[in-house]
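What you see is a predicted model, and the numbers here were worked out from it, not measured in a lab.
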Amino acid sequence: MAVPHFFGKPVGETHLRQDTMKPFFSLIALVLGLTFMTATPAAARGSIPYGTQHSLDFVAEMGAIGPGGRNASLCHHTVRNHVVFLGYWARSEGYVMSTTGCEGNSYYSFDAAAFAAAQAAGILPADMPATPRMTGQQLMIGFGWLILLGIAGFFKALQFLLHGRKRAVPRAAIAAKMLSAMCIVAKSDGHIDGEEEKAINFAFEKIMGKRLTSMEIRTALAKAPFVTDPRQLGDLGAGTREADRQIIMRGALLVACSDGEIQDAEHRVIGHMAQALVIPAPQIMSMVRDFAGLLRTPVAAAPA
């Protein structure tokens, strides 16, 4: 029977004993020999500005089982796509064997059967995973562009949030807008009396948790316009968020409801405010139902 040739040299029982002095290497030679017939050259280094790069990372020492009895190392073979050498995608090609310490540009294939045989023979640790895992460093190198984009996206989102907070109207400004809206509703019937001042103070305290002085209310009433057109309310919702506009509208509605019913004049002004603040009718009805206890007439259900 012909002697099998592995790595370009005849390998027999005597040769293995002389090289390794370990009989179980005959088993590993039989399994690995079929896959180690030809060294596979690693792909050329990636070109600028983009390309593909193969890398061999040392995993474990295997001893003198390489071609010609040279020491062999188990390596993790990875491939990454890169732009200017910063990877944007990487994949694992599994284990390979190297006789140059996982350096240089060539390696020998090492399939699952060879890996299992090496573990069975005690050449590789029994608890070593059959499928190599990428290390943190490999992931950083292999997915560099994605990581950078993720970091950039995080800071962009953070900047957006901070910018949004800076643009948010302060609560004091919302309170001032709500007070103005309440005064507009109170003036809608053409006259002001003490009961309407009480209604404004009641509504302001209920929503903002703070009482107003008589002077503050009278000053706000004096400044409030007599509204006959939604265009007169263009500044009421300027620079506000939806939640802010709903607070303003709730204050206006609470004043309208505080005397037990919503007068026709108040109803018209509320309609103008709803247009100016871009609040749909179903939301207006929902707010009115929240104040239903103040009304003498039950609130009708909003149309479907």
Side-chain angles (χ1 to χ4, degrees), residues 164-214 216-304:
R165 288 179 182 176
K166 289 179 181 177
R167 292 183 58 189
V169 178
R171 185 169 176 81
I174 297 302
K177 287 177 178 290
M178 187 184 75
L179 177 58
S180 176
M182 292 190 295
C183 291
I184 289 171
V185 171
K187 290 178 68 171
S188 61
D189 60 0
H191 69 277
I192 299 294
D193 56 34
E195 290 302 316
E196 287 170 325
E197 290 185 15
K198 290 179 182 179
I200 291 171
N201 212 346
F202 167 77
F204 193 90
E205 183 178 14
K206 186 173 182 64
I207 295 176
M208 289 295 173
K210 176 186 174 183
R211 288 189 64 83
L212 297 169
T213 65
S214 295
E216 287 174 324
I217 295 175
R218 289 172 185 173
T219 300
L221 283 168
K223 291 180 179 179
F226 183 78
V227 174
T228 58
D229 190 287
R231 288 172 292 185
Q232 293 176 260
L233 299 171
D235 293 336
L236 192 61
T240 59
R241 299 170 298 184
E242 181 181 355
D244 300 331
R245 294 193 296 274
Q246 290 187 5
I247 291 174
I248 295 169
M249 178 57 79
R250 288 181 72 85
L253 283 170
L254 188 52
V255 169
C257 295
S258 61
D259 61 354
E261 61 180 334
I262 300 177
Q263 305 292 337
D264 290 342
E266 293 171 336
H267 191 277
R268 284 193 297 271
V269 169
I270 291 296
H272 295 332
M273 284 187 181
Q275 287 182 261
L277 297 173
V278 196
I279 298 179
Q283 288 189 26
I284 299 292
M285 291 300 298
S286 176
M287 293 179 192
V288 172
R289 280 195 293 270
D290 290 342
F291 307 137
L294 302 173
L295 299 174
R296 289 191 289 270
T297 304
V299 182

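- Taking CD1 of Ile248 as the start and CD1 of Ile184 as the end, the distance is 10.0 Å to the nearest 0.5 Å.
- Legend: residues meeting side chain to side chain donor-acceptor pair (under 3.5 Å) with Arg245, ordered by chain and number and at least two apart, are absent.
- Expressed to the nearest 0.5 Å, how far CD of Gln283 lies from CZ of Arg250 amounts to 10.5 Å.
- The salt bridge (Lys or Arg N to Asp or Glu O under 4.0 Å) contacts involving residues 196-206 comprise Glu195-Lys198, Glu197-Arg218, Glu205-Arg211, where partners must be two or more places apart or lie in separate chains.
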Distance-only criterion, 3.5 Å: show the donor-acceptor pairs between side-chain atoms of residues 219-234 and protein atoms not counting sequence neighbours.
{"from": "Thr219", "atom 1": "OG1", "to": "Met215", "atom 2": "O", "distance (Å)": "2.8"}
{"from": "Thr228", "atom 1": "OG1", "to": "Gln232", "atom 2": "OE1", "distance (Å)": "3.1"}
{"from": "Asp229", "atom 1": "OD1", "to": "Arg231", "atom 2": "N", "distance (Å)": "2.8"}
{"from": "Asp229", "atom 1": "OD1", "to": "Arg231", "atom 2": "NE", "distance (Å)": "3.0"}
{"from": "Asp229", "atom 1": "OD2", "to": "Arg231", "atom 2": "NH2", "distance (Å)": "3.2"}
{"from": "Gln232", "atom 1": "OE1", "to": "Thr228", "atom 2": "N", "distance (Å)": "2.7"}
{"from": "Gln232", "atom 1": "OE1", "to": "Asp229", "atom 2": "N", "distance (Å)": "3.0"}
{"from": "Gln232", "atom 1": "NE2", "to": "Phe226", "atom 2": "O", "distance (Å)": "3.3"}

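- The minimum heavy-atom distance linking Ile284 with Ala274 is given by the pair CD1-CB, 4.1 Å.
- Within the model, atoms CD1 of Ile270 and CG of Leu277 stand 9.5 Å from one another, a figure rounded to the nearest 0.5 Å.
- In this structure, CD1 in Ile217 is found 4.0 Å from CG in Asn201, a value given to the nearest 0.5 Å.
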Can you check side chain to side chain contact (heavy atoms under 4.5 Å, CB included) on Val185 and Met273, steps first, answer last?
-> CA-CA 10 Å; Val185 171; Met273 284 187 181; 3.9 Å; yes
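- Taking CG from Leu179 and CD1 from Ile174, the interatomic distance works out to 13.0 Å, rounded to the nearest 0.5 Å.
- Under the rule for a salt bridge (charged side-chain N to carboxylate O under 4.0 Å, His left out), Glu216 has no partner lying at least two apart in sequence or in another chain.
- The salt bridge (Lys or Arg N to Asp or Glu O under 4.0 Å) pairs that include a residue from residues 264-288 number zero, where partners must be two or more places apart or lie in different chains.
- The list of salt bridge (Lys or Arg N to Asp or Glu O under 4.0 Å) pairs with a residue in residues 274-283, not counting sequence neighbours, is empty.
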Evaluation steps, side chain to side chain contact (heavy atoms under 4.5 Å, CB included), between Val278 and Glu242 = CA-CA 9 Å; Val278 196; Glu242 181 181 355; over 6 Å; no
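- The side-chain heavy atoms of Phe202 and Leu254, taken from C-beta on, include a pair separated by under 4.5 Å.
- For the atom pair CE (Met208) and CE (Met178), the distance works out to 4.0 Å, reported to the nearest 0.5 Å.
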